[in-house]
Amino acid sequence: MARLNIEAALNDPQLQAVRTIEGPVLIIAGAGSGKTRVITYRIAYMLDRGIPQSAILALTFTNKAAREMEDRVKELTGKKLQNLTMSTFHAFGVKILRDEIEALGYRKNFSIYDETDRNQLIKDSLRECHLSVEGTDLYALGQLFSHIKLGSVRWGDGADAAYQPVYEEYQQSLKVFNALDFDDLLVLPILLFEQYPAVLEQYRHRYRYLMVDEFQDTSITQYRLMRLLTDQGEKNVCVVGDDDQSIYSWRGASYENILRFEQDFPGLTEIKLEQNYRSTTTILEAANGVISNNTNRKTKTLWSGNTGGKPIELYHPQNESDEADFIAAQIRTLLMQERLKYDDFGVLIRTNAMTRSIEEAFLAENIPHRVSGGTSFFQRKEIKDILSYLRVIANADDDVNLLRIINTPRRGIGKTTIMAIAELARKNHSSLWDAMGRLRYAPDTLFQEQGKAEIDEFMGLIEGYKEDILGKRGLSQKVRSLVDTIDYWGYLITEYNKAEKIARWKFRNIEYLMQSIANWEHDPDNLDPTLYPYLNRISLITRDDGEDEAGKGKVNLMTIHASKGLEFPVVFIAGAEEGVIPHTRSLEDGDRSLEEERRLFYVAITRARDKLFITSCLTRRHLSSTVECTPSPFLAEIPSHLVEEPEGPVESDTEAEQFFALIKSKFT
């Protein structure tokens, strides 16, 4: 390829970050400072210098970010990048385990449980230990199991030991079902590397250049995995992050990993990217004014060549209903006056519970919008049903998915039959599939003939498609055949016999699933369009928060957490009140939590490119009562000369209302 002209594309600190490819490097990349640009140019620069693709490992946090970086590197280099490993931590864990997991006593065709499957297995484990499922907070128990597995807490030391047998049953069941949860995708590669040094050495020898994006969001476990891979030899490791944007401690992230990196890799090269290419000087001054109040941070000051900028507007609506109406009215006004598009607007909230009033205002004014945190396409029941068939075809010992489909659509395998299967599986410490096989050929005296016939038909269905699908191409057509064979459309019509529109909508989702499989199969970069890679891809996709094209042409209504990495010409921060941001919980937890809330507010401010509105209600509904609100203390940290604070009640723009009423009348 032609030599990269990086001098023309990068500023001096960016240029240094791209060219420093040997030894440990810490890049502190402020908000909007061109972080992704630097990472992609750095990889392109390494390839241009003759470093093999196979020697480079780039890790980030979402599949969307990994795809974006890969596309940019392809554009810069003109290469296909078939040997470059650029993925999330979890996807990299899958890559290791697909090759090496047999050393840990698993089979290579393991299943990956998503949150729904995991919760079902926790329920089954509670029942197996004769504990009540009703009244148990499955999310909290799942979090406890995660902390135990990741080593952040121990039984009896911050963890209720009464649940230890449930955890052990859960772990044993995962092994029996040849399944992994998402924590296993990090924990098991570490276990593998620690138990088999020769395997670790193979990976160290292969990946001689390691890059980690969003380093402030790495957990202790992810840091351990990174450290194992880079602990010997050349230590060509580059981490990119910003401690001011560390907002995921509740998910195990530790901004202190930046400090650990400095301690573990003495003599590292530190480079700061402080020029912001996103926001106006007004917005950056506001962000700097807020974040400078945090003490546990590396000193940096963002600056912009985009001088000046419109003042930040702070409004005090009477309540959340007025707040929502104000936001809707402002969007309509700016659409008319400044020729903006709907997807130029980001409306940021602290929690998803705050979306209702804003959604109602948008619906009332016909403002198209998308809400982050809704039900994922792959979590919809009809999609999970079809995917469960595929998971069982891939791994018949997957009890959770087998139970989902054993009588869906209904095929006469009733509760009594399922209980008999489960009891036999328990006695033999086997999977349900194994128990079904035993009953299938059991003497008639042990089992009803009708039950055996239904089991035989179901197992024959799975075995037939296993032979037809595993390791073979044409997956989408075979899935279509499966959907027809089980008559899923007939099942939907029966389930929704009084609401055929719902049945049709659900079946259209299945049609979309089959089309998406076909698109994936025909991707020229997809070298293995077969079942196992597809299921792994789906398991990893459902963990991501972002969506690709769905938000185009719509106002983006999302939590601040979901907005990280995004930018909008116009941003609204709603609910800037004490107890909302900072959240009540952080006020109780002390300074560390308060500093994370301030980082969250900083992230919200820096999503805005040109214009920022902030609303702080005078009153807000809380449960069944109305409470008076106090403005967020973070508002006082914004330099006052940057803020305009109109007096009096918030009113919508009358001229804009008349304009839209006129337009509306022409179409009614």
Side-chain angles (χ1 to χ4, degrees), residues 36 39-40 42-43 46 51-70 73 81-104 106 108 110-114 149-150 180-196 199-215 217-231 235-241 248 251-253 257 261 525-528 532-544 546:
T36 303
I39 293 171
T40 52
R42 196 172 190 273
I43 293 171
M46 286 192 281
I51 294 172
Q53 292 182 26
S54 59
I56 301 171
L57 171 61
L59 298 174
T60 187
F61 278 80
T62 67
N63 290 295
K64 182 179 178 181
R67 288 194 300 271
E68 181 183 350
M69 286 194 290
E70 184 174 346
V73 176
L81 306 181
Q82 292 177 345
N83 296 315
L84 177 67
T85 304
M86 190 176 297
S87 73
T88 65
F89 272 91
H90 290 88
F92 179 60
V94 172
K95 182 180 178 68
I96 295 170
L97 295 173
R98 283 296 173 204
D99 292 335
E100 314 290 348
I101 199 169
E102 288 177 321
L104 298 176
Y106 292 80
K108 284 192 175 183
F110 58 82
S111 297
I112 303 171
Y113 279 9
D114 62 16
K149 186 172 290 192
L150 296 173
L180 310 180
D181 62 23
F182 274 96
D183 293 325
D184 288 325
L185 303 184
L186 300 176
V187 170
L188 291 185
I190 291 172
L191 180 65
L192 179 77
F193 287 162
E194 291 176 341
Q195 291 187 355
Y196 298 94
V199 175
L200 172 58
E201 194 53 43
Q202 290 175 13
Y203 282 87
R204 283 177 175 167
H205 180 71
R206 174 177 177 180
Y207 296 115
R208 293 180 290 110
Y209 294 85
L210 175 61
M211 294 186 67
V212 182
D213 186 21
E214 302 286 7
F215 189 63
D217 292 334
T218 52
S219 65
I220 299 297
T221 305
Q222 289 163 331
Y223 185 87
R224 283 179 62 199
L225 181 59
M226 181 274 293
R227 183 81 194 278
L228 281 167
L229 289 167
T230 57
D231 207 27
K235 298 185 178 180
N236 298 324
V237 53
C238 172
V239 300
V240 186
Y248 292 109
R251 211 159 67 180
N257 280 346
F261 187 78
D525 290 333
N526 184 2
L527 302 179
D528 186 11
Y532 289 138
Y534 178 75
L535 292 177
N536 288 342
R537 175 176 174 269
I538 294 305
S539 293
L540 293 166
I541 282 175
T542 55
R543 191 168 175 81
D544 275 6

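Note: hydrogens, waters and symmetry copies are ignored here, and every other heavy atom, side chains too, is used.
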Partner residues of Y534 under the side chain to side chain donor-acceptor pair (under 3.5 Å) criterion, sequence neighbours left out
none
Looking at D184 and L97, what are the two nearest heavy atoms and their distance?
O-CD1, 4.1 Å
Looking at E70 and R67, does any basic side-chain N land under 4.0 Å from a carboxylate oxygen?
no
Contact summary for S219 and N257, nearest pair of heavy atoms
O-ND2, 3.3 Å
Give the minimum heavy-atom separation between Q222 and D217, together with the two atoms involved.
OE1-O, 4.0 Å
On a heavy-atom basis, which atom in Q53 and which in Q82 lie closest, and how many Å separate them?
OE1-N, 3.3 Å
Check whether more than 12 heavy atoms from other residues, nucleotides or ligands sit under 6.0 Å from atom CZ of R204, and answer yes or no.
yes
Once rounded to the nearest 0.5 Å, what's the spacing between atom CE of M211 and atom CE of M86?
8.5 Å
Measure the shortest side-chain to side-chain distance between L191 and L188 over non-hydrogen atoms and say whether it is less than 4.5 angstrom.
yes
For the student: nearest non-hydrogen atoms of A66 and S87, plus distance:
CB-CA, 4.1 Å
Nearest heavy atoms of A91 and T88, plus distance in Å
N-OG1, 3.0 Å
Sub-3.5 Å donor-acceptor pair from the side chain of R208 to the main-chain atoms of S54, do we have one?
no
For the pair L180 and Y106, evaluate side chain to side chain contact (heavy atoms under 4.5 Å, CB included) and give the outcome as yes or no after the intermediate values.
CA-CA 10 Å; L180 310 180; Y106 292 80; 3.6 Å; yes
Is there a side chain to side chain contact (heavy atoms under 4.5 Å, CB included) between F61 and T218 once you walk through the steps?
CA-CA 9 Å; F61 278 80; T218 52; 3.5 Å; yes
Side chain to side chain contact (heavy atoms under 4.5 Å, CB included) evaluation trace for R206 with T85
CA-CA 11 Å; R206 174 177 177 180; T85 304; 3.9 Å; yes
Taking the cut-offs as 6.0 angstrom to the six-membered ring centre and 45 degrees off its axis, would you call R227 and F261 a cation-pi pair?
no
Rounded to the nearest 0.5 Å, how far apart are CG of L225 and OG1 of T221?
9.0 Å
Is a side-chain N or O of Y196 found less than 3.5 angstrom from the main chain of A103, in a donor-acceptor match?
yes
When you look at L59 and L210, which way does the side chain to side chain contact (heavy atoms under 4.5 Å, CB included) test go after all the steps?
CA-CA 8 Å; L59 298 174; L210 175 61; 4.1 Å; yes
Among T60, T36, T62, which residue satisfies the side chain to side chain donor-acceptor pair (under 3.5 Å) criterion with D213?
T60
What's the separation between atom CG in L84 and atom CE in M69, rounded to the nearest 0.5 Å?
9.5 Å
Atom NZ of K235 and atom OG1 of T230: how far apart are they, to the nearest 0.5 Å?
7.5 Å
Kindly assign one of parallel, tilted or perpendicular to the pair Y223 and F215, based on the angle between their ring planes and the thresholds 30° and 60°.
tilted
When rounded to the nearest 0.5 angstrom, what is the spacing between CG in D99 and OH in Y203?
4.5 Å
Nearest-0.5 Å distance that lies between atom CZ in F110 and atom CG in N536
6.0 Å
